[in-house]
Protein chains: 2
Amino acid sequence: MARVTIKDIALAANVSPMTVSNVINARASKASPETIERINEAIRTLGYQPNLSARALASNASRLIGVVVPFTEDQNQLLLDNPFYAEVVSGIESALRARGYFMMLSGLGETSNEVDALAQWNVDALIAIGIYREGLFERLRKRHLPTLLVDSYLTDDHVHHLRVADDQAARRATEHLIAHGHRRIALVTGAVRDGGVIEQRLAGYRLALDAAGIAFDPDLVLAGSVTFDWGIDAADQLVARRATAAFCTADLIAAGVLTGLHQRNIDIPGDVSVLGFDNLPVSRMVYPALSTVDQTILAKGKLAGDIVLDMLEGRKPPRETLLDARIIERQSVGPVPK
Amino acid sequence: MARVTIKDIALAANVSPMTVSNVINARASKASPETIERINEAIRTLGYQPNLSARALASNASRLIGVVVPFTEDQNQLLLDNPFYAEVVSGIESALRARGYFMMLSGLGETSNEVDALAQWNVDALIAIGIYREGLFERLRKRHLPTLLVDSYLTDDHVHHLRVADDQAARRATEHLIAHGHRRIALVTGAVRDGGVIEQRLAGYRLALDAAGIAFDPDLVLAGSVTFDWGIDAADQLVARRATAAFCTADLIAAGVLTGLHQRNIDIPGDVSVLGFDNLPVSRMVYPALSTVDQTILAKGKLAGDIVLDMLEGRKPPRETLLDARIIERQSVGPVPK
DNA sequence: CTGAAAGCGCTTACAG
DNA sequence: CTGAAAGCGCTTACAG
């Protein structure tokens, strides 16, 4: 039982292989209704499955989209430490699947060449999530692949962008805390990097402070990494610096802050208010339930998929797509203690 | 700048394309050191990248592994609702990448034919996670693809298995609760299905009860779904049925139970003890930190990748691989209240 | 140690 | 509306 090919179908339906190809690819008006019916019948009875490698080779288009997610060298896996990635990827996958494309997912290290690997499969386009390192970016731009950068501020004429309006979102978040009477508001965050998302959020935070006439205190910016453990550590400094509220630029960090605060028997939000960012599922699971900035991650992923396919199908989506974020009020933010 | 092919290399190095092919594929002893050096030089300067579609077509092997994760029809995305999948997939991806294979990831619905899609790409093998439905299984077995089932008890001669020793793990978990003096121990779980993992855990739970001389009470088995929300609801019944401890067959459920209990001002573990299963990252983030059964998910994913590649490379791994699970003690389990 | 030839399963101009 | 031919970029026996 060798693989059934287009030739077998052609034989069975009494046409040439090329007519079969035309019918399969729905190039209408290229075959009579009867021919089409005969061919489809043959496809059904013989159980024909197109060979996509062959198609990709011949047509120079693969219907394959490469998705790269950064990972750090020391922990060699992706998705894991931040559920954010899982959710974006999930959104992308469903958007692609809905439109008949396939996803090739790869982690992307600092030095290695996973992008090359994807290129070898002739992916039609690339979606890169959270790329900020210039080096990687250079590597990406060398291939003239249609590329969508999610959550990156690196600029280039040949690249499309999708992100939330980070400065605005951070500004609103900070204002939310100010509206509850807080003035000593810490920003707990990952590393601030050029071209990264956190830089923008820091700017939004400062804008809100300025507008409220609160002096910016660099000691209140606690930059570490986007991890639960960093949040636990940051709780110490929060207390030491007498902050009454913490705006965390990731729910993962916020969850850590909550845990760190519990360990010191500090009441949330009685003593300290905590606001997150992302609205990950985990934000509902912690105690107290975390107030956070919703960035509709899943929708973002789907949109990423759709934008990239629009690019491929010549629908010229805008170079930059900005998503709105809104605050979800739960139990972790309250009025400033007297 | 057309694509540089094997021919270009051959031309530049003054050999035939087939020698280039031999060198690229490291078929040793097939070329003199000088030839090899000349070819590699040409590859470097011309920036040659093999076309994997062409290779797959010609060699009838793709180095592509299909990974399918079930999703439910109503919510059309994968990974999302259970971080467990994200972590397994992450493990698989890194194992495959380390050995030069690629992962093709797809959601798998009840009725749809994503497996067909993967087959069209000529994946060399399939890893299916959490497949229990007979229908799907039939579809899988029809293709004579090497297949590894993760967390499934469906049996078939042509399939390999990887899972934790669920009955044993559940038994030990229940015994852990019994050792703390509990006798009214609820089992909070997803739907119990033939060929599913939960069936086995239920069996282990009963074994532990029997061994301790505790009568099995069907009212104490709370079966819903593997979700946070189900956990919240289950908390009500826990109270109504006067359970002093809950063994949850997933951390996600346990997180919900914690939240539901908090809403009723029930102290954990003072009034009710809660034990989870999985040791997801979230189990550290909830309050109190969740005692749980560690099933080393990431390692499991890596192992899944390695087993499948061993199969492909003719190393004949055992048909069934069983993982051990151990209990991680944190703060959610305590002595039975007097 | 190296090569000429055929073929993997498709699609793409080009004809008719 | 349909077909014969060439080609996509590789690999695989088979020779020498």
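Proteins get letters first, then strands, A, B, ... in listed order; numbering begins at 1 in each.
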> Dot-bracket, DNA chain D: Watson-Crick or G-U, under 3.5 angstrom, [ ] crossing, | other strand?
Replying inline: |||.||||||||.|||
>> Does either side chain, that of B:Asn122 or that of B:Asn60, offer a donor lying less than 3.5 Å from an acceptor on the other one?
In response: no
> Separation of A:Ile24 atom CD1 from C:dG9 atom P, in whole Å?
Replying inline: 14 Å
>> Under 4.0 Å, counting only non-hydrogen atoms across every strand here, what does B:Ser53 touch: a base, just sugar-phosphate, or nothing?
In response: nothing
> Taking all atoms of both residues into account, what is the closest heavy-atom pair of A:Leu154 and A:Ser152, and its distance?
Replying inline: N-OG, 3.2 Å
> Nearest to the side chain of B:Ala54 - D:dC10, C:dT12, C:dG9?
Replying inline: D:dC10
> Knowing that exactly one of A:Ile36, A:Asn40, A:Thr35 qualifies, which makes a side chain to side chain contact (heavy atoms under 4.5 Å, CB included) with A:Arg38?
Replying inline: A:Thr35
> Is a side-chain N or O of A:Arg63 found less than 3.5 angstrom from the main chain of A:Phe102, in a donor-acceptor match?
Replying inline: no
>> Side-chain N or O of A:Asn22 versus OP1/OP2 of C:dT11: is the shortest distance under 4.0 Å?
In response: no
>> Quick check: closest heavy atoms across B:Pro146 and B:Asp124, and the distance to 0.1 Å?
In response: CD-O, 3.4 Å
> Rounded to the nearest Å, what distance is computed from the CG atom of residue B:Leu52 to the C1' atom of nucleotide D:dG9?
Replying inline: 11 Å
> OP1, OP2 of D:dG3 versus side-chain N and O of A:Ser16: anything below 4.0 Å?
Replying inline: yes
> Contact class for A:Gln49 vs. all strands (heavy atom < 4.0 Å): base, sugar-phosphate, or nothing?
Replying inline: sugar-phosphate
> Roughly how many Å is it from CG in B:Asn122 to P in C:dG9, rounded to a whole number?
Replying inline: 9 Å
> Which of these nucleotides, D:dG9, C:dC10, C:dG3, is closest to any side-chain atom of B:Met18?
Replying inline: C:dG3
>> I need the CG-P distance between B:Asn51 and D:dT11, as an integer number of Å.
In response: 10 Å
> Can you check the B:Glu34 CD to C:dC1 C1' distance for me, whole Å?
Replying inline: 11 Å
> Is any side-chain nitrogen or oxygen of A:Thr35 closer than 4.0 Å to OP1 or OP2 of D:dT2?
Replying inline: yes
>> Once you apply a heavy-atom cut-off of 4.0 Å, does A:Pro50 come out as touching a base, just sugar-phosphate, or nothing?
In response: sugar-phosphate
> Between atom CG in A:Asn14 and atom P in D:dC1, what is the gap in whole Å?
Replying inline: 19 Å
> Which residue lies toward the 5' end of DNA chain C, B:Ile36 or A:Leu57, if each is placed at its nearest nucleotide?
Replying inline: B:Ile36
>> Is the phosphate of C:dG3 approached by B:Thr19 (side-chain N or O, under 4.0 Å from OP1 or OP2)?
In response: yes
> Taking the nucleotide of DNA chain C with the closest heavy atom to each, which residue, B:Ser59 or A:Pro17, is nearer the 5' end?
Replying inline: B:Ser59
> Can you check the B:Lys7 NZ to D:dG9 C1' distance for me, whole Å?
Replying inline: 8 Å
> Under 4.0 Å between a side-chain N or O of A:Ser21 and OP1 or OP2 of C:dT12?
Replying inline: no
>> Can you see if the side chain of B:Asn60 gets near the phosphate of D:dT11 - specifically, an N or O under 4.0 Å from OP1 or OP2?
In response: no
> How many Å lie between CZ on A:Arg63 and P on C:dT11, as a whole number?
Replying inline: 12 Å
>> Taking side chain to side chain contact (heavy atoms under 4.5 Å, CB included) as the criterion, tell me which of B:Val23, B:Ile24, B:Asn22 meets it with B:Val20.
In response: B:Ile24
> Quick one: do B:Arg99 and B:Asp310 make a salt bridge, cutoff under 4.0 Å?
Replying inline: yes
> Given C:dC10, D:dT11, C:dG3, which nucleotide is nearest the side-chain atoms of B:Val15?
Replying inline: C:dG3
>> A:Val150 and side chain to side chain contact (heavy atoms under 4.5 Å, CB included): which single residue from A:Lys300, A:His160, A:His161 fits?
In response: A:Lys300
